[in-house]
Amino acid sequence: MPELPEVETTLRGILPTLLHSTIDQVIVRNRSLRWPVPDGLEAKLAGQTVENVARRGKYLLIGTPAGTAMLHLGMSGSLRVLDSGIPPEKHDHVDIALTSKKVIRFNDPRRFGSLLWAGDQPFAHPLLAALGPEPLSDTFAGSTLYNAGRNRQVAIKQLIMNSNIVVGVGNIYASESLFRAGINPARKAGRLSRARYDRLATEIKRVLSEAIKMGGTTLRDFHNAEGKPGYFKIKLQVYDRAGKPCNICAQPIKHRVQGQRATYYCSECQT
DNA sequence: CAAAGGTCCTGCTCGC
DNA sequence: TGCGAGCAGGACCTTT
């Protein structure tokens, strides 16, 4: 599920409840997420006051005086803000219970998500240290992609999904931004002009911003901290639209598997 | 049985 | 032959 807009939506949903709150206790019911939840994480967070809640790429960072916890939603994870006392259901792996009698509950059926401890230098953590720029910041531009794509054989779609080059662009928004930029997803990264990279960077920023405004995209699992879906699906031009007419030229949208991921595009509009 | 929105890691291939 | 970079594929899971 969650790409940058969905993680940002989640962040905004938990922020008012979590920021400046005090953690009463953390309950881990299933430690076997993508990586095991470290032993002792509950004890480190208990009694701490949350001084900072942030997002880096698709990682959510919960900062306390004792250190920072790092949470990733993986493919099917979500966070909800609940009142205390609501019994956990299947796949509710972690609760962060607050002294305010609110609970931040992490549910993740596929368990590709993670909850890790990043100490007091979170950005030095191996999972964060090598991440590329935030796509919505000024440190990301056409030049970022152009430089990264020089002389590379890799398909442009895989380039923009590489978190070491730019964070937050997952399978849905990769297809969508390439459609908007008129670029064939299979095109080799080294064979794109600077001008087309400028356009692509612009479209990545636009599609992510628009999706955040609409609360993200819900295909099946994703919901925000209130349990409600995102509404960007109605704006998708190509993703999950195989065989349906292109909104520009009416040719059927094509589907292919690229790097083991579903890719959707219009062979007429995208070159 | 295939596929699902993420992404790290391993191991292969290619070119120097 | 040896090495590193780049790239493809496997891995982690459950649900539909």
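Chain A is the first sequence line, chain B the second, and so forth, proteins listed ahead of strands; every chain is numbered from 1.
One finds no side-chain N or O of A:Q153 lying less than 4.0 angstrom from the OP1 or OP2 phosphate oxygen of B:dC14. For A:S114 and B:dC8, the shortest distance from a side-chain N or O to OP1 or OP2 is not below 4.0 Å. Contact between the side-chain N/O atoms of A:Y59 and the OP1/OP2 oxygens of B:dC8 is found at a separation under 4.0 Å. Listed pair A:K90 / C:dT15 meets the phosphate criterion, a side-chain N or O lying under 4.0 Å from OP1 or OP2.
Only the P atoms considered, C:dC13 is 16 Å distant from B:dT10, to the nearest whole Å.
Rounding to whole angstrom units, CZ of residue A:R152 and P of C:dG6 are separated by 6 Å. Taking atom CE of A:M75 as the reference point, atom P of B:dA3 lies 13 Å away to the nearest angstrom. Rounded to a whole Å, the CE atom of A:M161 is 11 Å from the P atom of B:dA4. Here the C1' atom of nucleotide C:dG6 and the CZ atom of A:R150 are 18 Å apart, to the nearest Å. Spacing between atom CG of A:L33 and atom P of B:dC8 amounts to 16 Å, rounded to whole angstrom units. Atom CD of A:Q260 and atom P of C:dC12 are 14 Å apart (whole Å). Rounded to an integer number of Å, the gap from A:Q158 CD to B:dG6 C1' is 14 Å. Taking atom CG on A:L159 and atom P on C:dA8, their separation rounds to 12 Å, with Å as the unit.
Residue A:L127 is in sugar-phosphate contact alone, with no base atom involved, counting any heavy-atom pair closer than 4.0 Å across all strands shown. Note on A:K188: nothing from the nucleic acid sits closer than 4.0 angstrom, heavy atoms only.
Closest contact between the side chain of A:R110 and the listed nucleotides B:dC8, C:dC13, B:dG6 involves C:dC13. With distances taken from any side-chain atom of A:A262 to the nucleotides C:dA8, B:dC8, B:dA4, the minimum falls on B:dA4. Among the nucleotides B:dA4, B:dG6, C:dT15, the one closest to any side-chain atom of A:H91 is C:dT15. For A:W35, taking side-chain heavy atoms from C-beta onward, the closest of the listed nucleotides B:dG6, C:dC7, B:dC8 is B:dC8. Side chain of A:R111, nearest nucleotide from B:dC8, B:dG6, C:dC13: C:dC13.
At a threshold of 4.5 Å between non-hydrogen side-chain atoms, the residues A:S175 and A:K157 count as touching.
In this structure, CG on A:L71 lies 9.0 Å from CG on A:D108, to the nearest 0.5 angstrom.
Salt bridge annotation for A:D39-A:R31: present, with a cationic side-chain nitrogen under 4.0 angstrom from a carboxylate oxygen.
Both thresholds, 5.5 Å between centres and 30° between ring planes, are not jointly met by A:F112 relative to the base of C:dC13, so the two rings are not stacked.
Remark: B:dA2 base-pairs with C:dT16. Criterion, Watson-Crick or G-U wobble with two distances under 3.5 Å.
Heavy-atom neighbours of A:R191 CZ from other residues, nucleotides or ligands within 6.0 Å: at or below the threshold of 12. Heavy-atom neighbours of A:K188 NZ from other residues, nucleotides or ligands within 6.0 Å: at or below the threshold of 12.
A pairwise comparison of heavy atoms in A:L41 and A:W117 identifies CD1-N, 4.0 Å as the closest pair.
Between the base of B:dT7 and the side chain of A:R34 there is a donor-acceptor pair shorter than 3.5 Å.
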